[in-house]
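Sharing a structure here in structure tokens format.
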2 protein chains.
Amino acid sequence: MKKVKLSDVAAAAGVSSATVSLVLSDNADGRVSENVEKRVRAAATKLRYSPNLVARSLRTQKSKTIGLISDTVATTNFAGQMLAGAEETAWKRGWLIIFVDTSADSRNEERAINALLQRNVEGFIYASMFHRKLDYPPQLKYQPTIFLHCSLNSPDTHSSVVPDEYASASLAMDYLIKNGHREIGWIGITNPTVGGCERSRAYVDAMKKLKVTGYKSLMFNTFESYANDGYVGAMKLLKGARRPTALFCFSDRMAMGAYRAANEVGLRIPQEISIMGFDNQPHIAEALWPPLSTMQLPHYEMGTWAAERLIDELENQDSESILCEQKVITCKLIERDSVAPHHPMKG
Amino acid sequence: MKKVKLSDVAAAAGVSSATVSLVLSDNADGRVSENVEKRVRAAATKLRYSPNLVARSLRTQKSKTIGLISDTVATTNFAGQMLAGAEETAWKRGWLIIFVDTSADSRNEERAINALLQRNVEGFIYASMFHRKLDYPPQLKYQPTIFLHCSLNSPDTHSSVVPDEYASASLAMDYLIKNGHREIGWIGITNPTVGGCERSRAYVDAMKKLKVTGYKSLMFNTFESYANDGYVGAMKLLKGARRPTALFCFSDRMAMGAYRAANEVGLRIPQEISIMGFDNQPHIAEALWPPLSTMQLPHYEMGTWAAERLIDELENQDSESILCEQKVITCKLIERDSVAPHHPMKG
DNA sequence: TTCTCCTAGTTAATCGTTTAACCAGTTAAA
DNA sequence: TTTAACTGGTTAAACGATTAACTAGGAGAA
């Protein structure tokens, strides 16, 4: 049951292990006769040879392995999707990912990066669980690294990929506007995350462009974005003097609260009140009744992009053609049944 | 910026690298003078030496790395929790996890195991995304492996950890019964998964023990467990001739559908109808109104157990004291506000 | 004196690859 | 006839640790 190694193949084929190595790594351009090459390959497949990557890695300083370090517990499905996106594309390209979670503790982070470096990982993906800007983790500064779901304060040398919050929220607003809504309410958060700021900025700009006066009275913000916050906000807006015809919610969870409010106030969705979410939380957006129209965050795609990009960089280290890029990806509009056309004449 | 290696430390301390190795791996029992030991340690910390695990792994055949292979896309938060549990305990014990997802494709699985073996992983965690029984993946038969969220048809040599579906569902039934309910409805699935079978068996046994006659008319099963299936089932039960006072749902998603049904029928939760979920889906159970009482699946704990156990085995390979064990973990009852006492006299 | 046993290390083999440098035999060019 | 260039390989030195086997010098015992 011992693992078969290069020298076993060499012995079986009656050549030196150098020759086997040359053949098997396709470096045998004219250095090995067809005859010998055949023998070597036959022996290799017969013995089911598979190279020991640890030995190869020691020699070549390459490991075909990348380290993914995430700043916080990876238990959300969003985190899962980023991971899955990265892992799947890595796998497709013959790479593997070692994953470590630092719980946002910087001492831990240092140890983690070190543990990965000790294993000869060739590059890093640094993933954040919520969209934010950050400074270089010092040890990563000189390592090939892609920043995933976060961007750098000084993006001079490394690439990053984040969702385009502003464009996506604008898309959502366009959708409501296209459906005839002008009196659109906003239910959001004051917590100054990138998402919170950019989405509400998109709302404001759209309302300005629509020339809706006094739209500020149609906005309600809480610090957090739980269902109950959405409920409170929606109640305030729906029972207020100026009732919006549509509600744009910062998150699907808030939208879930808005559903409860609409229900309590006796407003039918979407006939009497349209509701738009954000995130496309699986199991919420679909499971609500009526199913929630929302924007799908590109977690999977971002994970994909990060891995693809990093591997590109690592596989073409010589050609300096690859520049650093700050990639943004726009969310996809998921049309379900919570938004209906509004006809001003009827209202 | 070159990495410092053993021989650099040796040169700095004025000794051979063998000596450095002995000192640094605490194998220097009486073979190295105190004086030299001090010098070596000083040099090592001064140069910030950290060993190259690839080289060490080549020599010792150990890698302090374990492979986690999962059978299907790891995008659910449940999968995330299992992963996080495994990764965190591994990390705490100085181990790292390489994670690969085989998309339930057995050819892929073979390649995955191979890719991990090539990297000298010392053992495996084989994780399933839904609770099931399976046969040995052939290549894993002779590898140290823990089966996570799945168990073996012939559990003779390897350990596994799964939730105790029957005991957990019994607990949920006990909770409803303790609250005075006898006419308890079941909303479940016919899909013959371990969870589906065991949970409904627990329901049936509890009803039998309660001596509720004709409880079969209180059961409704669909093939899948989406919110809409729960809605359909709850409508049938709530509008039927024999209206239950409590509903035990196979999943939180079905419970979500049951909420809609109760709402539509005009039954207040929990005053007029109690609802019990299963899974404790984050963002659903909490966000529903009223918050859903449910059973929390021990995903994180199972991940923890698997890693802990595997590392125990790997670190004490000599002592054969560790037997194979089929571990079951019972779910935790999460009391929220969807279950209220029922008073028979009042009904 | 000779033998044995410590002490405090060092030497060198080894893990399984890759790859630069070499080499013997032919063939082609000058 | 030299010289150079191929052809089809082989040898041996890495990569960076670990560890069994050795050693030099001194002490103690017979």
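Treat the numbers as computed from the prediction; the structure is a model and nothing was measured. Here is how names work: the chains are called A, B, and so on, in the same order as the sequence lines, proteins then strands, and each is numbered from 1.
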>> Any base atoms under 4.0 Å from B:Ser33, or only sugar-phosphate, or nothing? Heavy atoms, all strands.
In response: sugar-phosphate
> Does A:Phe124 have any ring-ring contact (aromatic ring centres under 6.0 Å, His included) partners at least two apart in sequence or in another chain, and if so, which?
Replying inline: none
> Which residues satisfy the side-chain contact (heavy atoms from CB on, under 4.5 Å) test with A:Thr60, sequence neighbours excluded?
Replying inline: A:Arg56, A:Lys62
> Taking atom C1' of C:dA20 as reference, at what distance in whole Å does atom CG of A:Asn27 sit?
Replying inline: 13 Å
> Who are the side-chain hydrogen bond (donor to acceptor under 3.5 Å, both in side chains) partners of A:Gln326, not counting sequence neighbours?
Replying inline: A:Ser160
> Between C:dG9 atom C1' and B:Asn35 atom CG, what is the distance in whole Å?
Replying inline: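 The answer, rounded to whole Å, is 13 Å.
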>> Using a strict heavy-atom distance below 4.0 Å, which residues from residues 36-46 of chain B are in contact with DNA chain C?
In response: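 The answer is B:Val36.
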> Does B:Ser57 place a side-chain N or O at less than 4.0 Å from the phosphate oxygens OP1/OP2 of C:dC15?
Replying inline: no
> Rounded to whole angstrom units, what separation is found between the CZ atom of A:Arg56 and the P atom of C:dT17?
Replying inline: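 Value for this atom pair: 8 Å.
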Show each protein N/O and nucleotides 21-27 of chain C N/O combination with a separation under 3.5 Å, one pair to a line.
unit_1 : atom_1 : unit_2  : atom_2 : d
C:dA21 : N6     : A:Arg31 : NH2    : 3.3

> Atom NZ of B:Lys62 to atom C1' of C:dC15: distance rounded to whole Å?
Replying inline: 13 Å
>> Looking at A:Gln61, I'd like to know whether one of its side-chain N or O atoms comes within less than 4.0 Å of OP1 or OP2 on D:dG16.
In response: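 True: A:Gln61 side-chain N/O within range (under 4.0 Å) of D:dG16 OP1/OP2.
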>> A:Tyr136: which residues meet the ring-ring contact (aromatic ring centres under 6.0 Å, His included) condition with it, sequence neighbours left out?
In response: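 Checked A:Tyr136 against ring-ring contact (aromatic ring centres under 6.0 Å, His included); matches are A:His158.
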> Among the nucleotides C:dA8, D:dA17, D:dG9, which one has an atom lying closest to any side-chain atom of B:Ala55?
Replying inline: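 For B:Ala55, the side-chain atoms sit closest to D:dA17.
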> Rounded to the Å, how far apart are A:Glu122 CD and D:dC15 C1'?
Replying inline: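 From A:Glu122 CD to D:dC15 C1': 15 Å.
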> Which residues within residues 6-19 of chain A lie with some heavy atom under 4.0 Å of an atom in DNA chain D?
Replying inline: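 A:Val15, A:Ser16, A:Ala18, A:Thr19, in order of number.
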>> Can you tell whether the side chains of B:Lys327 and B:Glu301 come within less than 4.0 Å, N to carboxylate O?
In response: no
>> Under the rule for side-chain contact (heavy atoms from CB on, under 4.5 Å), what residues qualify as partners of B:Ser159, not counting sequence neighbours?
In response: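 B:Ser159: side-chain contact (heavy atoms from CB on, under 4.5 Å) contacts with B:Ile146, B:Trp305, B:Arg309, B:Glu313, B:Cys324, B:Glu325.
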>> Checking A:Glu37 now: which residues fulfil side-chain hydrogen bond (donor to acceptor under 3.5 Å, both in side chains) with it, not counting sequence neighbours?
In response: A:Arg41
>> I'd like to check the side-chain hydrogen bond (donor to acceptor under 3.5 Å, both in side chains) partners of A:Trp91; sequence neighbours left out, ordered by chain and number.
In response: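 So A:Trp91 forms a side-chain hydrogen bond (donor to acceptor under 3.5 Å, both in side chains) with B:Asn108.
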> How many angstroms lie between atom OG of B:Ser151 and atom CG of B:Leu134, to the nearest 0.5 angstrom?
Replying inline: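 If we round to the nearest 0.5 Å, B:Ser151:OG and B:Leu134:CG are 7.0 Å apart.
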> Between atom CG in B:Asn120 and atom C1' in D:dA17, what is the gap in whole Å?
Replying inline: 14 Å
>> Once you apply a heavy-atom cut-off of 4.0 Å, does A:Leu22 come out as touching a base, just sugar-phosphate, or nothing?
In response: base
>> Any non-hydrogen side-chain atom of B:Leu310 less than 4.5 Å from a side-chain atom of B:Pro144?
In response: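 Side chain of B:Leu310 against side chain of B:Pro144, heavy atoms only: contact under 4.5 Å found.
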>> If the condition is side-chain contact (heavy atoms from CB on, under 4.5 Å), which residues does A:Glu308 pass it with, not counting sequence neighbours?
In response: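 So A:Glu308 forms a side-chain contact (heavy atoms from CB on, under 4.5 Å) with A:Thr89, A:Arg93, A:Thr304.
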> Within this structure, what is the CG-to-P distance between A:Asn52 and D:dC15, rounded to whole angstrom?
Replying inline: 18 Å
> Quick one: side-chain contact (heavy atoms from CB on, under 4.5 Å) partners of A:Ala18, sequence neighbours excluded?
Replying inline: A:Ser16
>> Can you measure A:Leu58 atom CG to D:dC15 atom C1' for me and round it to whole angstrom units?
In response: 4 Å
